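Notes to accompany the following structure.
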Amino acid sequence: MNECVKMCLRLWRQAKAHHCGFWKHIHDAFIRDPCTEAAPLPVNPWDIALCVTGTLISCENAIVIAILFYTPTLRAPMFILIGSLAFADLLAGLGLILNFVFIYMLNTEFVTLISVGLLIAAFSASVLNILAITVDRYLSLYNALTYHTERMVTFTYVMVVLIWLVCIILGLLPVLGWNCLRDEASCSICRPVTKNNAVVLAVTFLLVFALMMQLYLQICKIAFRHAQQIAVQHQFMAISTTKGVSTLSIILCTFAACWMPFAMYSIVADSSYPMIYTYATVLPVTCNSVINPIIYAYRNPDIQKSLWLACCGCVPSNFSLRPRTSSDV
C-alpha cells in the first residue's frame, strides 16, 4: 500500500513540474499558455515611419481625387492621368497602413500575401501612370493640333485601363502562388516576393525610366525648336523654356533618387541581407508618392483654383489664370 502511495506522489510531482511544459505544447496548438504570456512583437521604428508616410500619402492624394471628382471642368486627358496617378498613390498609402496593421495585429500568410499584392499593384500603377503622363506631355507637343480631339481622350482612357489591368495582374501573382513562403531561400529583399520576380520588376522599372528620359529629351528638343520659331517672343520663350527644362531635370532627378536605390538593391540583394538596408531603400520609394501630388497636381493652376474655391470660397486677386496645357511642367 505504501509503495502505491509513493508512486502516486512521485507521479503528481512530475505532473506539477511539467505543468508549464504541457501548456506550452497546447499553446503551440493555438491555445494560450496560462503559465507564461507570449511577449508582444516589438514595434520597429522603420515600420512606424512607413505607416506615417502612408498616412500622409493617403491624405494628400485623397484631396486630389476629391477635387478632380467634384470639379466638372477638370476632365481633360491630363486630369484623367493625374487622377489615375493620385488613385494609385492613395492605394499605396492605404497599403502601407494596412501592412503595419497586419504585421502587428493579424500576421498570417494570407493577409501578408494580400498586403504585398496591394503594394505591388499600387506602386507599379504609380510608376506606369507617371510614364503615361510623360507620354501625354510629349503628344501634346508633338501632335498639338490633334491633341484636344475625342480620339486623344479615347486613347487616354485605353492607356489607363491597360495600366490598371497590368498592375492588377502583378498584384495577384503572390496570391496565385508566385511567392517564396514554401522556399525561404528563394525570397527577395521583400518577402514573400521571390528573387526572380523582384529582379524582373526592377529591370522593368529601369526600362521605364530609360523611356521617360528619352521622352523628356524629345520634349526639350521640341520646346527649344518652338522657342526659336517664335522670334517676337524670343526672349520670353527662352526664359520660359529654360525654366521648363530645369523643372524637367528636377522631376527626373527626384524620380531617380527615390526609385533607383531600391531597384538596384532588389537586383543585387536577397533575403539574407540585413533588413535595415531594405527599409532604407523602401522609404525613399514611399516618399516619391508623397512628392507626386505636389509635382503633378498641386502645381497645376486649375487644381489650385478649385482648391482655393473649396477651402476659402474665393480665388486670390493675384492668382494667375494663364491657360495651362499638359506640356507645361
Side-chain angles (χ1 to χ4, degrees), residues 42-58 60-61 85 88-100 102-104 112-113 115-131 167 170-171 173-174 178-181 184-213 250-295:
V43 179
N44 191 325
W46 287 98
D47 288 328
I48 296 176
L50 291 175
C51 185
V52 171
T53 306
T55 305
L56 180 59
I57 293 170
S58 301
E60 276 186 318
N61 289 281
L85 174 62
D89 286 331
L90 174 63
L91 289 181
L94 294 176
L96 291 171
I97 298 171
L98 291 176
N99 188 61
F100 180 84
F102 290 158
I103 288 175
Y104 295 100
T112 298
L113 294 174
S115 63
V116 169
L118 176 60
L119 289 172
I120 291 175
F123 282 112
S124 298
S126 179
V127 171
L128 291 180
N129 274 293
I130 292 175
L131 175 62
C167 294
L170 290 175
L173 289 180
W178 295 60
N179 59 69
C180 63
L181 293 178
E184 295 291 335
S186 65
C187 284
S188 67
I189 58 173
C190 295
R191 185 182 181 275
V193 180
T194 64
K195 172 68 174 178
N196 291 336
N197 289 352
V199 171
V200 170
L201 290 173
V203 172
T204 303
F205 163 78
L206 295 177
L207 294 176
V208 168
F209 180 68
L211 180 57
M212 284 179 58
M213 289 186 63
I250 293 173
I251 291 174
L252 278 176
C253 291
T254 301
F255 185 71
C258 291
W259 274 98
M260 199 64 72
F262 178 73
M264 300 305 297
Y265 187 64
S266 297
I267 294 174
V268 301
D270 55 34
S271 58
S272 64
Y273 282 60
M275 280 298 296
I276 188 172
Y277 298 142
T278 302
Y279 281 116
T281 54
V282 167
L283 190 59
V285 170
T286 62
C287 290
N288 183 237
S289 293
V290 176
I291 299 170
N292 283 341
I294 300 172
I295 293 177

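The shown structure was predicted, so the numbers you read here are calculated from the model rather than taken from an experiment.
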Paired with F100, the side-chain contact (heavy atoms from CB on, under 4.5 Å) test is passed by just one of I48, N44, V52, namely I48
**Request:** Could you check V116 against N179 for side chain to side chain contact (heavy atoms under 4.5 Å, CB included), going step by step and ending with a plain yes or no?
**Result:** CA-CA 10 Å; V116 169; N179 59 69; over 6 Å; no
(message) Any non-hydrogen side-chain atom of S58 less than 4.5 Å from a side-chain atom of I97?
(response) yes
*Would you indicate whether C258 and C287 have their SG atoms under 2.5 Å apart?*
no
When every non-hydrogen atom of L113 is compared with those of P192, the smallest separation belongs to CD2-CG, 3.6 Å
Here the gap from L173 atom CG to I120 atom CD1, rounded to the nearest 0.5 Å, amounts to 7.5 Å
Rounded to the nearest 0.5 Å, the CG atom of L98 sits from the CG atom of L119 at a distance of 8.5 Å
| field | Intermediate values then yes/no, side chain to side chain contact (heavy atoms under 4.5 Å, CB included), T281 and M264 | value | CA-CA 10 Å; T281 54; M264 300 305 297; over 6 Å; no
For A263 and A202 the tightest heavy-atom approach is O-CB, 3.4 Å
Is it true that atom CE of M213 has more than 12 heavy atoms of other residues, nucleotides or ligands lying nearer than 6.0 Å? no
CD1 of I57 to CG of L94, rounded to nearest 0.5 Å, is 9.5 Å
In short, A88 meets A125 closest at the heavy-atom pair CB-CB, 3.7 Å
Heavy-atom side-chain proximity of M260 to L206 below 4.5 angstrom: yes
Working note: L50 + N99, criterion side chain to side chain contact (heavy atoms under 4.5 Å, CB included); need CA distance, chi angles, decisive distance, verdict. CA-CA 9 Å; L50 291 175; N99 188 61; 5.9 Å; no
Are any of the side-chain heavy atoms of V127 and F209 separated by less than 4.5 Å? no
Exercise for the section: Please say whether more than 12 non-hydrogen atoms of neighbouring residues, nucleotides or ligands are located less than 6.0 Å from CD1 in I276. Expected result: no
Residues L118 and G95: closest non-hydrogen pair is CD2-CA, 3.7 Å
Are T53 and L56 side-chain neighbours, meaning at least one heavy-atom pair lies under 4.5 Å? no
Do any N or O atoms from the side chain of S188 and from the backbone of V193 form a donor-acceptor pair under 3.5 angstrom? yes
Minimal heavy-atom distance between S126 and D89, with the atoms involved, is OG-OD1, 2.8 Å
**Residue pair T286 / L96, side-chain heavy-atom distance below 4.5 Å** = yes
One should read off an interatomic distance between I295 CD1 and I250 CD1, to the nearest 0.5 angstrom, of 9.0 Å
With heavy-atom distances below 4.5 Å as the criterion, would you say the side chains of L201 and L170 are in contact?
yes
message = Just so I know, are the side chains of F262 and I189 near enough to count as touching, which here means a heavy-atom distance under 4.5 Å?
response = yes
For the residue pair W46 and M275, establish whether any side-chain heavy-atom pair is separated by less than 4.5 Å. no
With F205 as partner, the option from Y265, W259, F123 fulfilling ring-ring contact (aromatic ring centres under 6.0 Å, His included) is W259
For M212 and L252, the nearest pair of non-hydrogen atoms, with its separation, is CE-CD2, 4.2 Å
Distance-only donor-acceptor check, side chains T194 and N196, under 3.5 Å:
no
Margin query: Run the side chain to side chain contact (heavy atoms under 4.5 Å, CB included) test on Y273 and T278 for me, step by step, so that the C-alpha distance in whole Å, both residues' side-chain angles and the decisive distance to 0.1 Å come before the verdict.
Written below: CA-CA 8 Å; Y273 282 60; T278 302; 5.9 Å; no
